[in-house]
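Report on the following structure.
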Amino acid sequence: MKTRTFTIIKPDAVAGGYTGKILDMILADGFTIRAMKMTFMNRNDAARFYAVHRGKPFFEALSTYMTSGAIVVALLEGEDAVDSLRRLVGATDPRNADEGTIRRMFGTDLTRNAIHASDCAENAEKEWKQFFDEKEIVEVDYSPCSFE
Ligand code: ATP
Ligand code: MG
């Protein structure tokens, strides 16, 4: 069944020039982009987004990292979207991520791991609503054949 998930190409990956390559991997995996933009997080945004990690030892470093530069956020649709994207993204620590995953290819360390992928459908929806208004979500079929 087609479902939705949310992703963030994180500041290290955007600054490193990997946005196109990462989006290519996501599209090649069969996802459709339903909304996307380049933006940034301030510390309030990061605190809201990572509320579950508040109080953890790495929270401060995570917040500094996520507010350090531009990010690209996207709402994605695909078969079994949450789990498929988590598979494509790989383990949290890029050094433990499988060969061929986005974090293995573009991540640096446990904090600077290139990309976020929502961990369940409920969180995905909360997360994309933090970045997108309803009118920014493209619901029409825009596959190439629909323009022939
Ligand atoms: P994400 O939520 O970004 O997709 P994840 O679900 O694999 O990653 P989480 O446990 O949700 O991992 O942690 C959120 C983010 O916090 C990680 O992606 C990473 O950037 C950072 N992080 C997590 N654990 C640590 C840690 N022990 N030390 C440093 N940074 C960490
Ligand atoms: Mg997570």
Side-chain angles (χ1 to χ4, degrees), residues 1-139 142:
M1 196 182 68
K2 284 207 188 299
T3 53
R4 292 180 174 190
T5 191
F6 176 75
T7 192
I8 301 177
I9 303 176
K10 295 181 174 181
D12 57 323
V14 173
Y18 304 132
T19 302
K21 288 192 173 80
I22 291 172
L23 288 174
D24 250 357
M25 288 175 72
I26 289 170
L27 293 172
D29 208 49
F31 285 96
T32 300
I33 297 168
R34 290 277 165 212
M36 184 166 72
K37 65 183 157 196
M38 179 175 275
T39 183
F40 60 89
M41 279 188 184
N42 62 30
R43 292 189 85 84
N44 282 342
D45 300 325
R48 180 175 163 201
F49 192 81
Y50 284 118
V52 295
H53 295 308
R54 215 173 292 174
K56 292 187 185 166
F58 60 85
F59 181 79
E60 193 50 38
L62 176 61
S63 183
T64 299
Y65 161 55
M66 291 303 293
T67 59
S68 68
I71 56 175
V72 172
V73 295
L75 166 52
L76 303 173
E77 185 174 282
E79 287 297 325
D80 195 15
V82 167
D83 290 344
S84 301
L85 188 68
R86 299 273 299 180
R87 272 195 297 278
L88 180 65
V89 158
T92 308
D93 188 336
R95 292 162 292 202
N96 300 330
D98 288 343
E99 215 44 75
T101 60
I102 293 171
R103 282 176 172 159
R104 178 62 172 257
M105 293 172 79
F106 303 113
T108 305
D109 56 36
L110 187 50
T111 302
R112 291 171 296 161
N113 59 4
I115 187 164
H116 163 80
S118 305
D119 59 8
C120 66
E122 193 188 343
N123 285 342
E125 187 168 342
K126 273 192 214 151
E127 290 171 1
W128 81 59
K129 285 183 172 167
Q130 188 175 334
F131 290 94
F132 297 116
D133 291 336
E134 216 150 288
K135 65 179 188 313
E136 293 178 284
I137 300 173
V138 177
E139 300 290 355
Y142 65 91

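The shown structure was predicted, so the numbers you read here are calculated from the model rather than taken from an experiment. One-based numbering, in listed order, for ligands and for the atoms of each.
Ranking protein heavy atoms by distance to atom 6 (O) of ligand 1, first place goes to R86 NH1, 2.9 Å. What sits closest to atom 7 (O) of ligand 1 on the protein, heavy atoms only, is T92 OG1, 2.5 Å. At the shortest separation from atom 10 (O) of ligand 1 among protein heavy atoms lies H53 CE1, 3.6 Å. Counting only heavy atoms of the protein, atom 30 (N) of ligand 1 lies nearest to T111 OG1, 3.3 Å. The shortest contact between atom 26 (C) of ligand 1 and any protein heavy atom is with L110 CD2, 3.3 Å.
Of the listed options K56, R112, R103, H116, R103 places a heavy atom closest to atom 8 (O) of ligand 1. The closest non-hydrogen atom to atom 23 (C) of ligand 1, taken over Y50, F49, F6, F58, comes from F58.
Within the 4.0 Å heavy-atom shell around ligand 1 one finds N113. Residue contact annotation: K10 has a non-hydrogen atom under 4.0 Å from ligand 1.
Every N/O-N/O distance between L62 and ligand 1 stays at or above 3.5 Å.
Ring-plane geometry between F49 and F6 is classed as tilted, the angle between the planes lying from 30 to 60 degrees on a 0 to 90 degree scale.
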task: Start with the C-alpha gap between R4 and E125, add the side-chain angles, then the distance that decides, and say whether salt bridge (Lys or Arg N to Asp or Glu O under 4.0 Å) holds.
output: CA-CA 8 Å; R4 292 180 174 190; E125 187 168 342; over 6 Å; no
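Between E77 and R34 there is a salt bridge, with a side-chain nitrogen of the basic residue lying less than 4.0 Å from a carboxylate oxygen of the acidic one.
Residue D119 holds its CG atom at 7.0 Å from CD of E127, rounded to the nearest 0.5 Å. Note that CZ of R87 is 11.5 Å distant from CG of D98, once rounded to the nearest 0.5 Å. Residue T92 holds its OG1 atom at 12.5 Å from CG of D109, rounded to the nearest 0.5 Å. With rounding to the nearest 0.5 angstrom, the CD1 atom of I115 is 3.5 Å from the OG1 atom of T7. Summarising the geometry, atom CD1 belonging to I71 is positioned 11.5 Å from atom CG belonging to D12; distances are rounded to the nearest 0.5 Å.
Contacts with ligand 1 closer than 4.0 Å are made by no heavy atom of E127, backbone or side chain.
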